[in-house]
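Below is one structure, written out as structure tokens, with a few remarks after it.
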Amino acid sequence: MAKFLTNREENYSQWYNDLVNKADLAENSAVRGCMVIKPYGYAIWEKIQSELDRMFKATGHVNAYFPLFIPKSFFSREAAHVEGFAKECAVVTHYRLKNDEEGRGIVVDPTAKLEEELIIRPTSETIIWNSYKNWIQSYRDLPLLINQWANVVRWEMRTRLFLRTTEFLWQEGHTAHATREEAIEETVRMINIYSDFAENYMALPVIKGYKSENERFAGAHDTYAIEALMQDGKALQAGTSHFLGQNFAKAFDVQFTDKNGKLDYVWATSWGLSTRMIGALIMAHSDNHGLVIPPKLAPLQVVIIPIFKNEEQLSAISARADMIKSELEKAGISVKYDNRDNNTPGWKFADYELKGVPVRVALGPRDIQNNTIETARRDTLKKETIRQDEVISHVKYLLEDIQKNIYEKALKFRTENTYYTDSWSEFVDILENRGGFIMAHWDGTAETEEKIKEETKATIRVIPFDSPEEKGNCIYSGKPSERRVLFARSY
RNA sequence: CGGGGUGUAGCGCAGCCCGGUUAGCGCAUCUGGUUUGGGACCAGAGGGUCGCAGGUUCGAAUCCUGCCACCCCGACCA
């Protein structure tokens, strides 16, 4: 068979770019580092949005929207926060263009300079806390549990479709609480929602844990993250939840009166998950035939393809296909009947495989004769011929089984590529030659983490929540350590 | 910002080293016909400021200079 996609084993980056392009998910735009998300890619994002949104609302959160522009002065109130983001901000300095008198076309009107520059949000903590200041006076106003679906801009030096683009779409939750304990509880609740979403919807096994001080969000007391392993052996941070302490409340002077009439600063959290998840989906499950989308997030779950020689056959097949389609739809399954006659069945088979549609149903003259249908599942590419009256139950079974199977496949891959080592030379060797997760001892200092990063490009992805206490010696410094942490090279 | 690479039809590329009539191939598109159980075949057609600007030359896709864009590898990061 002809090759339509770059081979994944030959060149992982090229395979990834090629797949994003050929599966019609996105393309590079004319704007530096920004991408155009095409309808099919956006449909996947809409599925992610709707499932997450449901989970947020079920835990008492509501949606709101805050401005794209942040006055520079807001942004500089929290010292660590500004330090973390200053290097990658787009800044608006003027508000008008004009025709150049010397005929050089449209130019910025120098007389239209803003008195205070506006930052295009790289994240919204500051503008949101400026509002919260007015919204919160009493313990009765708390907790405040708000989420925003938005775009943000971070002027990264190097970009990559979905994984790191200059502008990206995400959701960011920003909550305010009366007590430290409650805020920490919220931070944990949200990282659990993310990992639940990753595992049960994305079919992506993740490791939950704390970020080390070096990797923490700018302005946070503590950052929790979920980390996933991609098929090329690199780690991908898939979602983060931050305990912000009273940092932003103090910076924006958000105080409330508690039950005892005492004034105190509120406790905050923020948490976010982005279109990067689409990149994770691609890199975790896809193969050399194209995308593999978990059924729960597939914009299209089933495609029915007719195989016919003439109009007469097509109409007989269509009658049956329409019936199957409406029955599947009644069962809550999304279905397309592709009866276009300008492509051959073989072409359609390959195309829907490239797009990652989980289940394909083929109907031809043979099937009409025998009262059968042919099903094919995207994960294993296995085909089966079944009785037509079994189609609904079989498709339902396939969707569930594919969801389960690709999760298990990803988990198996992660297990096989997670190494426990106490030897520095083996540590280096794994990173150089195999990739994957490494569970190793660490002395807990930022200096050691920094040195390991310099020498191997690996960072501490997380200190896993469930990493058991185990006495050992730091892989790098040899100093005593209480538990293993997760190292990997990352995106 | 450093190191490497690429820019030729909608997409993917050859031609460039060693300058020479009309710039070529595959895919895609359009027309007609035959096909259709794994990316069909035949015949015909349309589509190009060879990234941009200069220069050398009788003559430049090809040589020289400058600029621009994109990709990959680093530094940065969700």
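What's counted below: heavy atoms across the whole structure, side chains too, no hydrogens, waters or symmetry copies. Chain identifiers are assigned alphabetically (A, B, ...) following the order of the sequence lines, protein sequences preceding nucleic acid strands; residue numbering begins at 1 within each chain.
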Nearest-angstrom distance from the residue atom CZ of A:Arg160 to P of B:A75:
14 Å
If the P atom of B:C16 is compared with that of B:C58, how far apart are they to the nearest Å?
24 Å
B:U29 versus B:C72 - spacing of their P atoms, nearest Å
29 Å
Just grab all the side-chain hydrogen bond (donor to acceptor under 3.5 Å, both in side chains) pairs involving residues 82-92 of chain A, residues at least two apart or on different chains.
none
Residues which pass side-chain contact (heavy atoms from CB on, under 4.5 Å) with A:Asn371, listed by chain and number, not counting sequence neighbours:
A:Arg320, A:Gln388
Rounded to the nearest 0.5 Å, what separation is found between the OH atom of A:Tyr40 and the CG atom of A:Leu300?
6.5 Å
Among residues 296-323 of chain A, which contact RNA chain B at a heavy-atom distance under 4.0 Å?
A:Ile307, A:Phe308, A:Lys309
Which whole-number value in Å describes the distance from A:Lys87 NZ to B:C1 P?
18 Å
Where RNA chain B forms stems, i.e. three or more consecutive Watson-Crick or G-U pairs with both distances under 3.5 Å:
B:1-7 with B:68-74, B:10-13 with B:24-27, B:29-34 with B:40-45, B:51-55 with B:63-67
With under 30° as parallel and over 60° as perpendicular, where do the rings of A:Trp170 and A:Phe168 fit, or are they tilted in between?
perpendicular
side-chain contact (heavy atoms from CB on, under 4.5 Å) with A:Lys38: which residues, sequence neighbours excluded?
A:Asp24, A:Glu27
Knowing that exactly one of A:Lys208, A:Lys211, A:Lys234 qualifies, which makes a salt bridge (Lys or Arg N to Asp or Glu O under 4.0 Å) with A:Glu227?
A:Lys211
Write down the distance between CZ (A:Arg366) and C1' (B:G37), rounded to a whole number of angstrom.
5 Å
CD of A:Gln237 versus C1' of B:C76: gap in Å, rounded?
14 Å
Restricting both atoms to N or O, compile the protein contacts to nucleotides 67-71 of chain B shorter than 3.5 Å, with distance only.
{"residue": "B:C71", "atom": "OP1", "partner": "A:Asn28", "partner atom": "ND2", "Å": "3.2"}

